[in-house]
Structures are given as C-alpha cells and as structure tokens.
Amino acid sequence: MSPYEEIILDHWKNPRNKGRLAAPDLVGMEVNPLCGDAVRLELKVAQGKVTDVRFDGQGCAISQAAASLLTELIQGKSLAEVQTLEEKELLSALGGVIQTRLNCALLPLRALRKALQKLS
Amino acid sequence: MSPYEEIILDHWKNPRNKGRLAAPDLVGMEVNPLCGDAVRLELKVAQGKVTDVRFDGQGCAISQAAASLLTELIQGKSLAEVQTLEEKELLSALGGVIQTRLNCALLPLRALRKALQKLS
Amino acid sequence: MMDLAQIRGDFPVLKRLENGKPLIYLDSASTSQKPHSVILAESRFYQEQNANVRRGIYLLAYEATELYEAARRRVATFIGARSEEVVFTRGTTEALNLAAWAVGETRVSPGDRILVTEMEHHANLIPWQELARRKRAELLAIPISEEGHLDLAAFRKMLTSRTKVVAVTHVSNVLGTVNPISDIVEEAHGVGAVVVVDAAQSAPHMSLRVTELGCDALAFSGHKMLGPTGIGVLWAKSELLEAWPPFLTGGEMIREVWLDRATWADPPAKFEAGTPPIAQAIGLAAAVEYLERIGMDVVQTHGRELTTLALAGLQSRPHVEIYGPKKAEERGALVAFNLRGLHPHDVATLLDQEGICIRAGHHCAQPLHRRLGLAASCRASFHIYNTREEVEAFLEALDRVWEALR
Amino acid sequence: MMDLAQIRGDFPVLKRLENGKPLIYLDSASTSQKPHSVILAESRFYQEQNANVRRGIYLLAYEATELYEAARRRVATFIGARSEEVVFTRGTTEALNLAAWAVGETRVSPGDRILVTEMEHHANLIPWQELARRKRAELLAIPISEEGHLDLAAFRKMLTSRTKVVAVTHVSNVLGTVNPISDIVEEAHGVGAVVVVDAAQSAPHMSLRVTELGCDALAFSGHKMLGPTGIGVLWAKSELLEAWPPFLTGGEMIREVWLDRATWADPPAKFEAGTPPIAQAIGLAAAVEYLERIGMDVVQTHGRELTTLALAGLQSRPHVEIYGPKKAEERGALVAFNLRGLHPHDVATLLDQEGICIRAGHHCAQPLHRRLGLAASCRASFHIYNTREEVEAFLEALDRVWEALR
Ligand SMILES: Cc1ncc(COP(=O)(O)O)c(C=O)c1O
Ligand SMILES: Cc1ncc(COP(=O)(O)O)c(C=O)c1O
C-alpha cells in the first residue's frame with residue numbers, strides 16, 4: 001500500500017552519511033515547527049568541492065530519506081553545482097514525492113541553503 | 001404615501017404638553033445612541049396622581065409623537081395606572097407602529113419608566 | 001461596455017421585494033450585496049473541500065490550504081501587494097485595532113503624537129483613542145473644511161518629530177471625500193510617521209495600488225466589496241509586520257511553545273491566531289475575481305455616474321442639504337444629505353415603504369456629525385448593481401416624502 | 001434511534017473521494033464537516049436577507065438584525081445561558097484572547113497567580129502567558145497524571161488568595177480527557193478566582209449547561225460543531241461582561257463618541273466592534289438546530305461508541321501507544337496515538353492513500369507533547385456522521401501501514 005517509492009523506504013531504513021563531522025566547514029539546520037522534523041547538514045569543503053558530508057536529524061521517513069539522499073547528491077560535487085541544485089533534482093532523485101508532503105522532502109534542501117549562505 | 005397614521009403626524013406637528021415644569025417631582029430621560037433621538041419626561045404628582053406632565057426632546061416623528069401622546073395618556077392618571085401602562089397600550093393609541101421603528105415609539109415609555117424608578 | 005442587466009442577474013437578492021415593491025438597495029456603503037459566484041464559492045468549499053488549513057497533511061486539508069493561500073495571493077494582487085503582506089482579519093475594524101495596537105507597542109511613547117481626522121469612522125478613531133490613553137500620547141484630529149476636505153495646511157502644522165502615526169480614511173463614509181493619501185504620506189514620512197489607511201470605502205470602488213499610495217498599512221472589509229461577512233484584510237509593509245508583535249495569540253501563529261513562553265511564526269501567520277475564516281477568505285477571492293472581471297475602472301465610473309445623478313438631483317431641491325464635496329469626481333459612490341426639518345429616520349422609513357433602502361443615522365461617525373452640527377443624516381450609496389432608474393426613483397420618492405412630512 | 005444513513009446524506013462532502021477512495025473523515029476535532037442545512041442557511045441569508053445589522057431601519061436590515069439576534073438566542077439556549085451573555089467572536093481563539101485580556105485589565109496585578117494546565121491547547125495558554133508578562137503575574141500549569149488526568153491535589157496546593165484566574169480546557173484535544181469543571185470551579189471560587197473554560201472540544205459533543213458547570217466564562221468555535229468558519233462564542237457571566245472593558249473598539253460597540261473619548265454600549269454589543277460575522281452567526285444557529293434535532297445525548301453516545309471501538313482496536317495492537325484515559329467514558333470523541341518508531345506524518349500519509357483522513361502533528365499542544373516525551377502524534381476524531389465501519393476500516397488500514405513501514 002505504500003505511496004513511498006522504494007528509494008525513500010531504502011534511504012529511510014538505511015540512512016547514508018548519517019552522523020556528525022569532526023570539524024565541518026559549513027553547517028545548516030532546518031526545523032519544521034508544525035511537526036518537529038529537523039535536519040542538520042554538515043559539509044567539509046576543499047578546493048571548491050564538497051569533500052565530505054553528514055546529516056543528522058529526526059522526523060518522518062520523507063524528510064530523513066531526502067536528507068540521506070541529498071548527502072549522496074552533493075558528495076564530491078563542486079560548490080557551484082551544489083549551489084545551483086534545484087528542488088526538482090532532489091524530488092526526482094527521490095522518485096517523486098506526494099504533493100501533500102513536499103515540505104518534508106524539501107526540508108534538507110533548505111538546511112543545505114542555510115549552510116551555503118555562509119559562503120556569500 | 002405615508003405609513004404614519006394620522007395621529008402620529010398630528011402629534012408630531014402639534015405636540016401636546018411640550019416644555020418643562022417648574023418643579024417636577026419625577027424626571028426621566030432616554031436617548032437612542034444610534035440616532036440621537038432624545039426624550040425627557042417631567043411629572044408632577046399629588047395624592048398618588050399625575051397632576052401635570054411635560055415632555056421635551058428631539059428626534060424623529062415617531063419618537064416625538066409618541067412622547068406627546070404619552071403625556072396625554074398619563075395626565076390625571078393614578079400612579080398605579082401609570083406604572084402598569086403597557087407597551088401595547090401606547091402602540092395601539094398611536095394607531096400601530098411599523099415594526100422597524102418600534103424602538104422609536106417606545107423611547108418615551110422607557111423615559112417614563114426611568115422617571116418612575118425613583119418611586120421604588 | 002458593462003451589461004447592467006446581466007450584472008443585476010448575478011445578485012439574487014435583487015429579485016426580492018421590499019414592502020411589496022421591487023427592492024432598490026442604496027446602502028452598499030454599509031454592506032454590499034453578493035453575487036452568485038461568491039455565495040457559490042463558499043458553499044462549494046463546504047460541500048467539496050472543507051478541512052482546516054495549515055494543519056492536516058491529508059489531501060482534503062492540502063486542498064483547503066491551497067485555496068486559502070490562493071485567496072491571499074488574489075487579494076494581494078488586487079491591491080498590488082505581496083501575499084506575505086496580506087493578513088486576513090474579520091474586517092476593517094479588527095484590522096485597524098491590530099494596527100493601532102501594534103503601532104503602539106513598537107512606536108508610541110508617552111508624549112508622542114497620533115493624528116486622526118475629523119471625518120473618521122469610529123473604527124479608525126476609537127482604537128487610536130485607546131492607544132493614546134494607554135501610552136499617554138496626544139491624539140489630534142486634522143480638521144475639515146466646510147466642503148468636507150481635509151485642511152492640509154493645518155495637517156502640516158500638526159506634524160512634529162513626535163508625530164508617530166497618521167490614521168486617515170481613504171474615502172469618507174459620510175462626506176464621500178477622497179483624501180489625497182500620497183500627499184499625506186509624503187508629509188508624514190517627512191517626519192518619520194507611519195500612515196495607516198482605512199480603505200473600507202475605497203477598496204470596493206477603485207483600483208488600489210498600495211505601492212502608489214505609499215502608505216504603511218491599509219485595512220478593508222470583504223462584506224463591502226461583494227464578499228462575505230466575517231472577513232477583512234490588513235495589509236502592511238513587511239518591515240512593519242516583521243517588527244510588530246502578534247495581536248491575538250494561540251494556535252497556528254507560533255514557532256515553538258513552552259509552558260511559560262512562545263516564539264512566533266513569520267508573518268502573515270504571526271497575525272492569524274486560531275482557525276481563520278477559511279470559507280470567507282475563499283468567498284472574498286471570488287468577490288475580487290468578480291470585480292476584476294468587470295474592471296475596477298468600470299466599477300468606479302459607474303459609481304461616479306450614479307453619484308453625479310444623485311448629487312444633481314439633490315442639489316436641485318432647495319429643501320435638501322448635502323454634505324461633502326459638490327463634485328462627484330471628488331467623491332466615493334455615496335451622498336449624505338438631509339431634508340430640512342425632517343428626521344433621517346422618518347425619511348428612511350417612508351422611502352422603505354416604496355422599496356428604497358437608504359441608511360439613516362450617524363453612520364458610525366458621531367464626531368463628524370457633531371462637527372457638521374447634525375444628530376444624524378440620510379445616506380444613499382451605490383454599487384455596480386445599481387441603475388440610473390433606481391437613482392431617479394429615489395429622487396422622485398424623496399419628493400413624496402417631503403410632501404408627506406414637511 | 002438515529003438514522004446514520006440519513007445523517008450521512010445531510011453532509012455533501014461525504015460523497016467526495018479522497019485519493020480515489022470513499023472519504024473517511026476522522027479529523028472532526030480539527031474542524032467538522034457541515035450539513036446542507038448550515039450551508040443553506042448562510043447562502044439563503046445572502047440571497048434573500050443580506051443587510052448590515054443594528055444600523056439600518058429599512059425592512060431588509062430589520063430582518064437581518066432579527067436573524068442575527070435570533071441566532072444569539074438559539075446559541076444561548078444551547079448552553080443554558082441568557083442571550084445578553086453571549087458574545088459572537090471569530091472563534092475560540094479570539095474569545096479566549098478577549099477573556100484573558102479583560103480578566104487581566106480587571107483582576108490581575110503584579111505578583112498575582114494565573115493557573116493553566118499542562119494539557120492546554122495553545123489558544124488557552126499563550127494569551128495567559130502574554131497576560132502574565134504584561135502584568136508581571138505568575139503563570140503556573142496544573143500537572144497531569146500518566147493517564148492524562150489533572151492532578152487535583154497539586155491544583156489545590158496551587159490555589160492561594162493571589163490566584164485570580166484558572167484557565168482550563170473542558171475536553172483535551174489530544175488526551176481526550178474530560179476535566180471535572182464543576183469541582184475545579186468550586187475550589188477556584190473558594191479563593192475568589194474566576195474560571196475560564198475552553199469548550200472548543202466539548203460544545204460539539206455534549207450538552208453544556210453553563211449554570212451547572214458554574215464557570216465564569218466559556219469559549220467555543222462554530223466550525224468544530226457543524227457550523228461555519230469565522231464564528232465562535234464567548235459566554236461570560238453578566239457581572240463580568242459589565243465590568244470588562246471592551247477588547248476591540250470601533251462601530252456598533254459605542255454609546256457616545258467624541259474626538260477624544262467614547263462611552264460603551266451594553267454587553268454583548270460592547271464586545272462586538274464592527275460588522276459582525278452575520279451570515280456565520282446565522283449558520284451557527286442552523287448547526288445548533290441540527291445538533292438539537294438529533295439530541296446532544298445521542299451525539300455524545302454515538303461519539304463514545306466509536307471511541308470505545310477505536311480504543312479497543314488500538315489497545316489490542318501491541319505496536320500502538322495510546323495517550324490519555326483508557327476508558328471511553330472519561331473521554332471526548334477522539335484518540336491520539338503513535339505506531340512505535342513511525343512518524344505520525346508517514347502514518348497519516350499512508351492512511352490518506354486509503355481515503356482516511358487523520359491528523360498528525362502536535363495538535364497545537366506542544367507543551368503537552370513535550371510532557372509526553374513526543375514530537376508529534378496521530379489523532380483520530382469522530383462526529384455524528386462517522387460509522388463503526390469507518391473506524392474498523394481505519395484500524396485495518398493501520399495494520400497495512402505498520403506492515404509497509406515497520
Ligand atoms: C481545545 C481547543 N482549544 C482551542 C482551539 C482553537 O479553536 P479555533 O482554532 O477555532 O479558534 C481548539 C481547536 O483547534 C481546541 O481543540
Ligand atoms: C470608512 C469605514 N471604516 C471602517 C468601517 C468598519 O468596517 P467593518 O464594520 O467591516 O469592520 C466602515 C464600515 O462600516 C467604514 O465605512
């Protein structure tokens with residue numbers, strides 16, 4: 001009966017890059033006050049590239065799977081690429097997200113943008 | 001075209017007992033804040049009877065005609081009779097009053113009741 | 001240009017009789033009538049999409065939230081604003097209470113000056129009186145001329161560095177005067193005062209562009225612009241909404257809550273505590289859509305045409321006294337007047353016998369009536385569904401009233 | 001006894017599909033659905049009687065005013081009150097803000113004590129926080145037991161001669177707990193404190209008699225009791241309404257107004273500034289009529305039956321945690337719960353795929369959720385149009401959710 005794509009269930013049950021970095025260069029944190037979902041992203045940056053990334057958080061399957069998947073999407077990418085990452089890329093990487101839950105899926109992206117703010 | 005009974009027009013154009021008394025025994029005043037209509041009733045009382053009465057005021061034809069007519073209704077009556085005077089007596093003496101304007105017609109009666117309050 | 005017969009067909013109440021006569025409704029400044037599309041928008045919401053907003057994550061609630069937020073966007077576009085700056089309230093009165101309270105909390109100290117005008121509706125007067133009392137500030141009223149225009153020279157003299165706010169109506173609901181908001185704003189901003197505009201009588205009748213007006217906050221009611229009762233709008237600049245503390249507190253306006261304290265959501269949610277008037281916001285959006293389909297310029301022209309006719313007719317009758325500017329171009333779509341020696345209530349009752357509804361009283365502007373030396377006045381006001389024939393019928397009936405009661 | 005099929009036929013939204021499935025609406029505690037008669041009452045008003053109230057003296061306005069005041073009388077009878085004691089507001093939230101503000105203005109001084117409870121909805125918590133801050137008073141929360149009952153022994157200890165007000169919910173919107181209002185009132189009155197009751201969750205489901213409850217003020221919303229959005233009620237004892245200053249100011253709540261000051265009308269008008277939610281009050285009266293026709297006892301019994309079924313079904317599933325009293329007789333018609341390890345949002349989304357609408361979140365009770373050690377919970381709530389089959393479908397679907405996500 002699940003409307004959740006396999007990829008969401010997979011990332012939710014087996015989160016990638018979950019945890020903290022020793023000395024992150026960039027950190028972004030977002031909370032959805034309506035449900036308590038929280039995502040924290042930590043990035044290590046060297047020579048304009050994301051060399052390491054971790055997420056931490058709690059909440060629903062969608063927000064946590066999206067955070068896990070997002071770490072994979074940006075790992076090793078140039079900051080320029082990461083900065084231009086669009087909502088729809090994340091959503092399609094998740095195999096599509098039900099409209100009533102877009103907010104959950106986009107929470108990690110908002111955390112990423114907060115982390116990147118410190119660059120500009 | 002007038003929905004006003006002749007008696008209302010008559011009392012409005014030729015008010016009875018309008019003015020003030022030199023030394024009234026009872027005084028009652030009522031104002032309708034929505035339209036500014038005001039009626040003041042003054043009574044002279046001797047041996048349990050209304051021996052003299054005056055009204056003063058300003059406002060619409062109905063409130064002023066009702067005040068004028070009310071002075072005639074209570075002139076010479078015993079206080080007991082005046083105290084039990086009912087709304088419908090005044091209204092029927094006026095030949096009936098349109099429902100949207102009952103408040104105007106009853107304003108003088110409220111002034112009378114205020115005046116009588118000082119008795120009890 | 002505008003198909004009046006078709007428009008009239010859109011308003012079910014116009015089929016009703018009043019005292020056995022066809023209804024001639026000339027009290028739209030008090031509340032307007034509603035077209036089918038507005039009535040339907042509300043009932044369709046209840047029949048097909050009813051759910052609470054912002055809270056649920058099921059589809060029904062998602063749709064309800066989308067409709068509610070789309071209504072906000074439509075209203076924002078209607079006044080040339082951004083939707084984050086549009087707060088839904090019950091009406092103009094609540095909106096002005098909110099603004100007066102928040103301006104007070106953020107800008108007014110003892111000894112500061114608050115300006116209103118002699119022509120304000122109680123809704124844009126008493127909240128400022130209460131603020132002046134609470135903050136021990138000084139409340140002054142900009143005077144009006146004999147013809148009912150604001151005395152701008154006097155206004156300029158009232159502006160000091162301690163003048164913190166100017167609260168002014170866009171269109172007077174008695175005089176009809178259209179006030180020069182952008183001029184007032186320019187002067188007020190010169191001393192750092194904010195300008196709060198009561199647009200209850202302008203929003204229903206003209207195209208509003210908050211950026212062109214230049215004011216800092218603006219309030220209006222749905223029910224006067226073909227929309228439902230129970231809904232209104234406070235627009236304010238983002239900087240103000242950010243700075244203002246919330247007025248009502250409770251659910252939906254919070255970020256985090258502990259037993260002893262709470263933090264607030266971003267505007268506009270910060271100012272919408274509790275379940276909002278959801279169906280009414282959707283109904284208001286339908287009213288805006290209806291008005292926009294006709295075109296606000298057409299709406300204004302039509303109102304002006306009827307007002308010109310009414311003004312001319314009233315002026316030609318020597319026993320009629322008119323209040324406010326004599327030219328229709330300087331007015332909203334309404335005329336207040338008196339028949340010499342007759343009480344407005346009697347005039348209104350006699351007109352009502354002929355099916356004609358006008359307002360009689362102080363129109364929630366007692367200080368203005370006192371200024372004009374009146375206890376009350378009659379007022380005829382128009383909207384898009386009124387016709388020239390109705391105005392003529394009103395003028396003729398007025399002659400019969402005069403004959404009957406003079 | 002009660003013809004459920006016929007009742008369901010009265011609610012148009014129930015014909016709708018949710019994600020392709022028949023809609024099973026289990027979120028009435030957030031907002032209820034509306035019967036035809038309520039939707040019709042509003043649209044009929046707009047179509048046939050629309051005018052502003054209290055102002056006009058023409059027949060149309062007279063009829064509108066009569067309908068509005070008849071609505072007040074009907075609501076008053078519904079709660080066993082006198083109609084002068086019934087103030088129309090936008091909803092519970094506005095009503096509680098008004099009460100908190102007015103109690104603050106008339107009874108609370110620095111150092112005084114205000115009591116709330118750990119289970120309050122934000123609407124009956126934050127206004128009191130704001131009051132405590134404004135008056136430098138002390139705000140304390142009556143604790144709850146593990147099963148979600150108020151700790152009355154702790155409550156008694158909190159009562160001192162400085163305790164001025166006790167604000168308490170009648171029925172918790174999360175725990176479902178029905179609080180012993182008359183006991184609380186007796187204790188509170190013993191020290192001279194007034195009791196303000198949040199009846200948002202009780203008014204829709206049980207017969208309320210304010211005189212039997214004994215409280216001093218009580219608030220509820222129309223939209224949770226089959227009525228429209230945009231309308232609610234504050235009931236308060238006449239002595240209080242007489243003593244309280246107005247909360248919002250503007251038109252219709254005044255006696256006399258000068259430029260620098262104003263005097264107030266008598267209650268309830270004193271508390272109804274501006275054009276009220278007229279159509280919505282009339283719609284609320286239709287909702288009350290609908291509920292009374294069924295009978296509040298029948299409404300309550302039906303809710304209890306469904307709650308019993310839901311409680312039993314949830315309790316029999318070891319991976320389900322339930323919050324609040326375990327017996328349906330001690331509850332309103334709702335159950336909050338969690339599936340072990342699953343986020344309420346995921347549960348709600350998966351149920352919604354089967355057409356079942358439940359609420360997931362903190363239900364505007366963050367402090368209570370913190371007290372329970374939760375970020376959020378699921379909540380199923382019922383009203384007169386829900387069936388046993390729907391509750392069973394919900395329980396079965398919950399098993400599929402568990403299978404899919406565990
Ligand atoms: C217990 C309780 N109090 C207050 C409220 C607030 O009601 P409203 O949002 O209608 O103002 C609610 C509903 O959300 C509630 O359940
Ligand atoms: C100029 C003006 N301001 C404010 C108001 C108050 O509007 P509402 O009663 O909708 O709050 C009105 C209407 O009565 C008005 O004409």
Side-chain angles (χ1 to χ4, degrees), chain C residues 12-13 16 18-19 27 30-31 33-34 39 43 46-48 50-52 55-60 90-91 93-94 97 122-123 126-127 129-130 139 141 223 228-230 248-251 254 257-262 273-275 277-280 345 348-349 352 357 359-361 364 366-367, chain D residues 12-13 16 18-19 27 30-31 33-34 39 43 46-48 50-52 55-60 90-91 93-94 97 122-123 126-127 129-130 139 141 223 228-230 248-251 254 257-262 273-275 277-280 345 348-349 352 357 359-361 364 366-367:
Chain C
V13 84
R16 168 197 156 118
E18 175 85 356
N19 287 310
D27 194 18
S30 179
T31 198
Q33 296 303 335
K34 327 297 177 198
I39 301 170
S43 48
Y46 289 133
Q47 282 163 7
E48 296 173 12
N50 178 68
N52 215 324
R55 309 185 184 186
I57 53 170
Y58 47 86
L59 188 63
L60 192 64
R90 175 170 51 238
T93 302
E94 190 195 349
N97 274 268
H122 296 158
I126 313 183
Q129 291 179 355
E130 291 291 291
L139 181 74
H223 70 93
T229 55
L248 299 182
T249 57
I254 56 96
V257 182
W258 294 266
L259 275 172
D260 62 341
R261 68 191 190 284
T275 302
I278 306 169
Q280 292 73 35
H345 274 190
T349 293
D352 189 37
C357 302
R359 179 106 188 266
C364 297
Q366 283 189 356
Chain D
V13 84
R16 169 197 154 118
E18 175 86 354
N19 288 309
D27 195 18
S30 179
T31 198
Q33 296 302 336
K34 327 297 176 198
I39 302 170
S43 49
Y46 289 133
Q47 283 163 7
E48 297 173 13
N50 179 67
N52 215 323
R55 308 186 184 186
I57 52 170
Y58 46 86
L59 188 62
L60 193 63
R90 176 171 48 240
T93 302
E94 189 195 351
N97 274 266
H122 296 159
I126 314 183
Q129 291 179 356
E130 291 291 291
L139 181 73
H223 70 93
T229 56
L248 299 181
T249 57
I254 55 96
V257 182
W258 295 265
L259 277 172
D260 61 340
R261 68 192 190 285
T275 302
I278 307 169
Q280 292 73 35
H345 275 190
T349 294
D352 189 37
C357 302
R359 178 103 189 267
C364 297
Q366 284 189 356

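Given the structure is predicted, the values throughout are model-derived calculations rather than measurements.
Residue contact with chain C, scored on non-hydrogen atoms closer than 4.5 Å, involves the backbone and the side chain of D:Ala273 alike. Interface residue C:Ala262: backbone and side-chain heavy atoms are both found under 4.5 Å from chain D. The parts of D:Asn19 that come within reach of chain C are both its backbone and its side chain, each placing non-hydrogen atoms under 4.5 angstrom from that chain. In this structure, the portions of C:Asn50 lying under 4.5 Å from any heavy atom of chain D include both its backbone and its side chain. Of the two parts of C:Leu139, only the side chain, counted from C-beta on, holds a non-hydrogen atom closer than 4.5 Å to a non-hydrogen atom of chain D. Within the 4.5 angstrom heavy-atom criterion, only side-chain atoms of D:Ile254, from C-beta onward, approach chain C. For chain C, the nearby parts of D:His345 are the backbone and the side chain; heavy atoms of each come within less than 4.5 Å. Heavy-atom distances place both the backbone and the side chain of D:Arg90 under 4.5 Å from chain C. Looking at D:Gln47, the atoms closer than 4.5 Å to chain C (heavy atoms on both sides) sit in the backbone and in the side chain alike. Only the backbone of D:Glu48 comes within contact range of chain C, with heavy atoms under 4.5 Å apart.
Your options are C:Gly251, C:Ala279, C:Gly91, and the one with the most heavy-atom pairs under 4.5 Å with chain D is C:Gly251. Highest contact tally toward chain D, considering only C:Ser43, C:Gly361, C:Cys357, is held by C:Cys357 [criterion: heavy-atom pairs under 4.5 Å]. Between chain D and the residues C:Ala360, C:Ala348, C:Pro228, the largest count of heavy-atom pairs under 4.5 Å involves C:Pro228.
In this structure C:Asp352 satisfies the salt bridge (charged side-chain N to carboxylate O under 4.0 Å, His left out) test with no other residue, sequence neighbours excluded.
Nearest heavy-atom pair across D:Pro127 and C:Thr249 is N-OG1, 3.2 Å. Contact record, D:Tyr46 with C:Lys34: CD2-CG, 3.5 Å, taken as the closest heavy-atom pair. Taking every heavy atom of both residues into account, D:Thr229 and C:Pro277 meet most closely at OG1-C, 3.9 Å. The two residues C:Gly250 and D:Ile126 have their closest heavy-atom pair at O-CD1, 3.8 Å.
Between C:Asn52 and D:Asp27, the closest side-chain pair of non-hydrogen atoms is not below 4.5 Å. Taking 4.5 Å as the limit, some side-chain heavy atom of C:Arg16 sits within range of a side-chain heavy atom of D:Leu60.
With hydrogens and angles ignored, the 3.5 Å screen pairs no side-chain donor or acceptor of C:Gln366 with any backbone N or O of D:Trp258.
Atom CG in D:Leu248 sits 8.0 Å away from atom OG1 in C:Thr93 (nearest 0.5 Å). Rounded to the nearest 0.5 Å, atoms CD1 (D:Ile57) and CZ (C:Arg359) are 10.0 Å apart.
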